[in-house]
Amino acid sequence: MKRNNNFFGFWSRKLHRWGTAIVAVPLLVIIVSGLVLQWKKQLEWIQPPTQRGSAVNAPMVSFEQILQAARSAESAGIRTWEDVDRLDVRPGKGVAKVTARENGWEVQVDLKTAKVMHVAQRRSDLIEAIHDGSWFHAGAKLWIFFPVTVITLVLLVTGVYLFYLPYK
């Protein structure tokens, strides 16, 4: 019985040492980007705060009027619907958020007046893409970042075992 414990302890140490070396850089990227994302609602630099429009729960403008308003924000570079990555309509706040496909700028439009309320760069989408690995390469998310999380789980299990081992 003691031999099995030494065997498992030996392989736990090996897996722990080599697993750490393998996951170090990708895990650092995941941790740092995750820490930044924790602040996305608090820091306007990461994600613009959602404005409150004048038509709460009753949108009164058409999608075409929203597009017209987004066009007026030159920094966003929106001319047609093809330039729009996302349209996030928040009736409860009376605002529509139009996110540009090419540069990540966000234009917030009042759902009653179709006036532009706020224009700012939205960096949270970029940071999320870095966090999940899809920014690096299409396959990085599943073929690097996913295995890193699995190896990290193994590191957690072996680390707990190695912590417990001296007390056993």
Side-chain angles (χ1 to χ4, degrees), residues 19-20 22-157 159-160:
T20 301
I22 291 168
V23 304
V25 173
L27 188 59
L28 183 64
V29 170
I30 292 168
I31 290 170
V32 171
S33 60
L35 287 171
V36 173
L37 286 172
Q38 291 294 313
W39 287 88
K40 75 179 181 180
K41 298 289 185 181
Q42 285 75 27
L43 296 176
E44 188 172 331
W45 183 84
I46 300 170
Q47 180 174 306
T50 302
Q51 304 299 309
R52 193 158 192 79
S54 55
V56 177
N57 289 325
M60 304 176 91
V61 297
S62 68
F63 281 172
E64 203 52 45
Q65 289 172 295
I66 293 171
L67 179 61
Q68 274 302 111
R71 282 185 185 139
S72 70
E74 291 182 23
S75 53
I78 296 172
R79 296 289 155 240
T80 69
W81 284 115
E82 290 179 7
D83 300 325
V84 175
D85 178 55
R86 179 181 319 135
L87 178 63
D88 182 5
V89 179
R90 303 276 176 107
K93 292 200 173 193
V95 66
K97 299 178 183 184
V98 184
T99 306
R101 182 181 311 276
E102 291 300 316
N103 58 19
W105 278 76
E106 179 180 276
V107 181
Q108 295 187 28
V109 180
D110 187 297
L111 288 175
K112 181 178 183 181
T113 64
K115 301 278 186 211
V116 173
M117 295 189 299
H118 192 67
V119 180
Q121 190 162 19
R122 181 185 176 99
R123 294 176 179 90
S124 59
D125 297 335
L126 169 66
I127 298 166
E128 287 170 11
I130 291 170
H131 183 70
D132 71 13
S134 59
W135 181 79
F136 299 100
H137 183 272
K141 183 176 184 172
L142 292 177
W143 299 108
I144 295 174
F145 281 68
F146 178 74
V148 163
T149 58
V150 172
I151 293 169
T152 304
L153 178 61
V154 171
L155 290 176
L156 175 68
V157 171
V160 168

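In this structure, CD1 on Ile31 lies 9.5 Å from NE2 on His131, to the nearest 0.5 angstrom. Rounding to the nearest 0.5 Å gives a distance of 7.5 Å between OG of Ser54 and CE of Met117. To the nearest 0.5 angstrom, Leu142 atom CG is 11.5 Å from His137 atom NE2. If you take CG on Leu156 and OG1 on Thr149, they are separated by 12.5 Å, rounding to the nearest 0.5 Å. Rounding to the nearest 0.5 Å gives a distance of 9.0 Å between CD1 of Ile30 and CG of Asp132.
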**OP:** Walk me through it: do Val107 and Ile66 pass the test side chain to side chain contact (heavy atoms under 4.5 Å, CB included)?
**Re:** CA-CA 10 Å; Val107 181; Ile66 293 171; over 6 Å; no
**OP:** Check the pair Lys112 / Val61 against side chain to side chain contact (heavy atoms under 4.5 Å, CB included), numbers first and verdict last.
**Re:** CA-CA 6 Å; Lys112 181 178 183 181; Val61 297; 5.8 Å; no
Original post:
Run the side chain to side chain contact (heavy atoms under 4.5 Å, CB included) check on Trp81 and Leu87 step by step: do they pass?
Top reply: CA-CA 10 Å; Trp81 284 115; Leu87 178 63; 4.1 Å; yes
**OP:** Start with the C-alpha gap between Arg86 and Asp125, add the side-chain angles, then the distance that decides, and say whether side chain to side chain contact (heavy atoms under 4.5 Å, CB included) holds.
**Re:** CA-CA 11 Å; Arg86 179 181 319 135; Asp125 297 335; 3.2 Å; yes
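Using a cutoff of 4.0 Å between basic side-chain nitrogens and carboxylate oxygens, Asp110 and Lys115 are not scored as salt-bridged.
Put simply, the residue from Lys41, Lys97, Lys93 that forms a side-chain hydrogen bond (donor to acceptor under 3.5 Å, both in side chains) with Thr50 is Lys97. Tested against Leu27 for a side chain to side chain contact (heavy atoms under 4.5 Å, CB included), the candidates Thr20, Ile151, Val32, Thr152 yield a single pass: Thr152.
Ala140 and Gly133 get closest at one heavy-atom pair: CB-O, 3.3 Å. Minimum interatomic distance between His118 and Ala120 (heavy atoms only, all atoms of both residues): NE2-CB, 3.7 Å. Across all non-hydrogen atoms, the minimal contact from Trp135 to Ile130 is CB-N, 3.8 Å. A pairwise comparison of heavy atoms in Ser124 and Leu37 identifies O-CD2, 3.9 Å as the closest pair. The minimum heavy-atom distance linking Ala69 with Ala114 is given by the pair CB-O, 3.3 Å. The two residues Val119 and Ala73 come nearest to each other via the heavy atoms CG2-CB, 3.7 Å.
Trp143 CH2: 12 or fewer foreign heavy atoms inside a 6.0 Å radius. Atom CD of Glu102 has 12 or fewer heavy atoms from other residues, nucleotides or ligands within 6.0 Å. Crowding of Glu64 atom CD: a count of heavy atoms from other residues, nucleotides or ligands under 6.0 Å exceeding 12.
With hydrogens and angles disregarded, no donor-acceptor distance shorter than 3.5 Å links the side chain of Arg90 to the backbone of Ala96. In this structure, the side chain of Gln65 engages the main chain of Ser62 through a donor-acceptor pair within 3.5 Å. Panel note: side chain Asn103, backbone Ala76; a donor-acceptor pair is recorded below 3.5 Å. Judged purely by atom type and a 3.5 angstrom limit, Arg123 has no side-chain atom pairing as donor or acceptor with the backbone of Gln47. Although no hydrogens or angles enter the test, the distance criterion places no donor-acceptor pair under 3.5 Å between the side chain of Gln108 and the main chain of Gly53. Not one N or O on the side chain of Arg122 forms a donor-acceptor pair closer than 3.5 Å with the backbone of Trp105.
In this structure, Phe136 and Phe145 have parallel ring planes: the angle between them is below the 30° cut-off, well short of the 60° mark.
Listed by chain and residue number, nothing satisfies the ring-ring contact (aromatic ring centres under 6.0 Å, His included) test with Phe146 (two or more places apart in sequence, or in another chain).
Thr99 places a side-chain heavy atom less than 4.5 Å from the side chain of Glu106.
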